[in-house]
Number of protein chains: 2
Amino acid sequence: MSAGHTAVTTTPPVVSCGEAHEDCGIREVLDRIGDKWSVLVVVELAQGVRRFRELQRAVPGISQRMLTLTVRRLERDGLLTRTVHPTVPPQVDYELTPIGHSLTHLVKALADWSAQHRDALARARHHFDAAHPDADIR
Amino acid sequence: MSAGHTAVTTTPPVVSCGEAHEDCGIREVLDRIGDKWSVLVVVELAQGVRRFRELQRAVPGISQRMLTLTVRRLERDGLLTRTVHPTVPPQVDYELTPIGHSLTHLVKALADWSAQHRDALARARHHFDAAHPDADIR
DNA sequence: CTGAATCCGGATCGATACTG
DNA sequence: CAGTATCGATCCGGATTCAG
């Protein structure tokens, strides 16, 4: 056990993945809802049952392909149910499961945080860009 | 087990982006912390001040390039500060700003949700994969 | 209406080598 | 130690077309 230098770390650990950062499970969540469309679909479904077209209209910009993939993945993870009505023309209803609904609370926390710090973030970014005109960050 | 669903018909709109889904600001947040490494870096920095190498060791798997890009972006958004000590060899300290710290609460919510539903998600996925062996979702 | 299949451009990420 | 630069693989996502 080589002593080495003792790092100064006395900060109230709001988050700590057990002892090691070990990922916790944060990555798991973000891998699921961190994509471009999942949360938007979840937000819309938080309002109630939606059909495929309704979802597509409610989430402007999403392509059929992406909507299909998104709802399929959400279904796979048990966050929503997919109900096919054997009618013609076909009708498919999507609805959040209880777990999916519990996720909306998380999304709300995200939205709240965003609303609260949006201005500060924008200012910080503007300040940084002014100080580093030729930064290749973005 | 009480039979019959207790008809949660009227679900309280936990999240709703005003009238239109209009994105709220959820996408903004996810565009920032939804990437592969940001939250892991934030989690590590939640423990205290860290140097570049310390961060890299604390987040196994991250490359120098990705760590550099990640901390630069976080700095740009005002989530952390970067302090260069004019010593030799060079030493650079990274530390969360108050805003960055406030983000850790959000991350904790994510971790909690993940821990709480991880099993259910895994079961749902397993069940789905068994029912759809040839689904091209993943 | 709902969705599958295909093609393709861009973004992301990792590995490696080099610098101060 | 703390980066920067370059390259290539991979993935994500959009547009289009076809099908039940």
Side-chain angles (χ1 to χ4, degrees), chain A residues 4-5 7 23 27 30-41 44-45 49-76 80-95 128 132-138, chain B residues 23 27 30-41 44-45 49-76 80-95 128 131-138:
Chain A
H5 59 337
D23 218 304
R27 279 253 51 83
L30 289 177
D31 285 344
R32 258 137 243 305
I33 68 166
D35 69 309
K36 194 172 182 179
W37 302 109
S38 289
V39 288
L40 300 181
V41 170
E44 178 60 23
L45 285 180
V49 180
R50 291 292 186 274
R51 299 178 55 173
F52 189 86
R53 283 301 272 180
E54 291 177 333
L55 276 179
Q56 190 171 12
R57 274 189 294 264
V59 184
I62 194 172
S63 63
Q64 291 182 350
R65 169 184 153 80
M66 279 303 109
L67 181 54
T68 300
L69 284 177
T70 301
V71 293
R72 277 295 193 288
R73 287 196 267 247
L74 291 175
E75 181 195 7
R76 178 172 183 252
L80 61 76
T81 59
R82 180 171 170 270
T83 308
V84 181
H85 300 281
T87 60
V88 49
Q91 174 172 347
V92 180
D93 289 339
Y94 294 93
E95 185 174 16
F128 183 94
H132 310 273
D134 52 350
D136 202 14
I137 316 298
R138 268 231 138 168
Chain B
D23 218 303
R27 279 252 49 85
L30 288 178
D31 285 343
R32 261 141 240 304
I33 67 166
D35 68 310
K36 196 172 181 181
W37 302 110
S38 289
V39 289
L40 300 182
V41 170
E44 178 60 22
L45 285 180
V49 180
R50 291 291 187 274
R51 300 177 56 171
F52 189 87
R53 283 301 272 182
E54 290 176 334
L55 276 179
Q56 191 171 12
R57 274 189 295 264
V59 183
I62 194 173
S63 63
Q64 291 181 352
R65 169 185 153 80
M66 279 303 110
L67 181 54
T68 299
L69 284 176
T70 301
V71 292
R72 277 297 193 286
R73 286 196 269 247
L74 292 174
E75 181 194 6
R76 179 173 183 250
L80 61 75
T81 58
R82 179 172 170 271
T83 307
V84 180
H85 299 281
T87 60
V88 49
Q91 172 172 347
V92 180
D93 288 340
Y94 294 93
E95 185 173 17
F128 184 94
H132 310 273
D134 51 350
D136 202 13
I137 315 301
R138 270 233 137 166

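Convention: sequence-line order gives letters A, B, ...; per-chain numbering from 1. Values below: all heavy atoms of this structure, side chains included; hydrogens, waters and symmetry mates excluded.
- In this entry the distance linking CG of L55(B) with P of dA2(D) reads 9 Å, nearest Å.
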Item to complete: Take nucleotides 9-20 of chain C nucleotide by nucleotide from the 5' end and write B, S or -, depending on whether a protein heavy atom sits under 4.0 Å from the base, only from the sugar-phosphate, or from neither.
Response: ---SBBB-B--B
Worksheet entry | Residues R50(A), E44(A); criterion side chain to side chain contact (heavy atoms under 4.5 Å, CB included); working and verdict | CA-CA 8 Å; R50(A) 291 292 186 274; E44(A) 178 60 23; 2.7 Å; yes
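- L67(A) is listed as a side-chain neighbour of L55(A), based on a closest heavy-atom distance under 4.5 Å.
- Across A135(A) and F128(A), no two heavy atoms sit closer than the pair CB-CE2, 4.1 Å.
- Once rounded to the nearest 0.5 Å, the distance linking CZ of R51(B) with OH of Y94(B) reads 11.0 Å.
- Rounded to an integer number of Å, the gap from CZ of R50(A) to P of dT2(C) is 13 Å.
- One can place CD of Q91(A) at 11 Å from C1' of dT2(C), the figure rounded to the nearest angstrom.
- Rounded to whole angstrom, the span from the CZ atom of R53(A) across to the P atom of dG3(C) amounts to 12 Å.
- Comparing the end axes of the helix from dC1(C)-dG20(D) to dG20(C)-dC1(D), each fitted to five base pairs by superposing C1' atoms of four pairs onto the next four, gives an inter-axis angle of 40° (nearest 10 degrees).
- Under the rule for a ring-ring contact (aromatic ring centres under 6.0 Å, His included), H85(A) has no partner lying at least two apart in sequence or in another chain.
- A 4.5 Å side-chain heavy-atom check between F52(A) and T68(A) finds at least one atom pair inside the cut-off.
- Taking atom CD of Q56(A) as the reference point, atom C1' of dG14(D) lies 12 Å away to the nearest angstrom.
- H85(B) places its NE2 atom 16 Å from the C1' atom of dG3(D), with the value rounded to the nearest Å.
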Worksheet item: Can R32(B) and L74(B) be said to form a side chain to side chain contact (heavy atoms under 4.5 Å, CB included), step by step?
Response: CA-CA 8 Å; R32(B) 261 141 240 304; L74(B) 292 174; over 6 Å; no
Worksheet entry | Worked check of side chain to side chain contact (heavy atoms under 4.5 Å, CB included) between Q64(A) and R53(A) | CA-CA 9 Å; Q64(A) 291 182 350; R53(A) 283 301 272 180; 3.9 Å; yes
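- Going from atom CG of L67(B) over to atom C1' of dC1(D) covers 13 Å, rounded to whole Å.
- Contact between the side-chain N/O atoms of Y94(B) and the OP1/OP2 oxygens of dG3(D) is found at a separation under 4.0 Å.
- Between the side chain of R82(A) and the backbone N or O of R72(A), no donor-acceptor pair lies under 3.5 Å.
- One interatomic measurement links the two molecules: CZ of R51(B) to P of dG3(D), which rounds to 10 Å at whole-angstrom precision.
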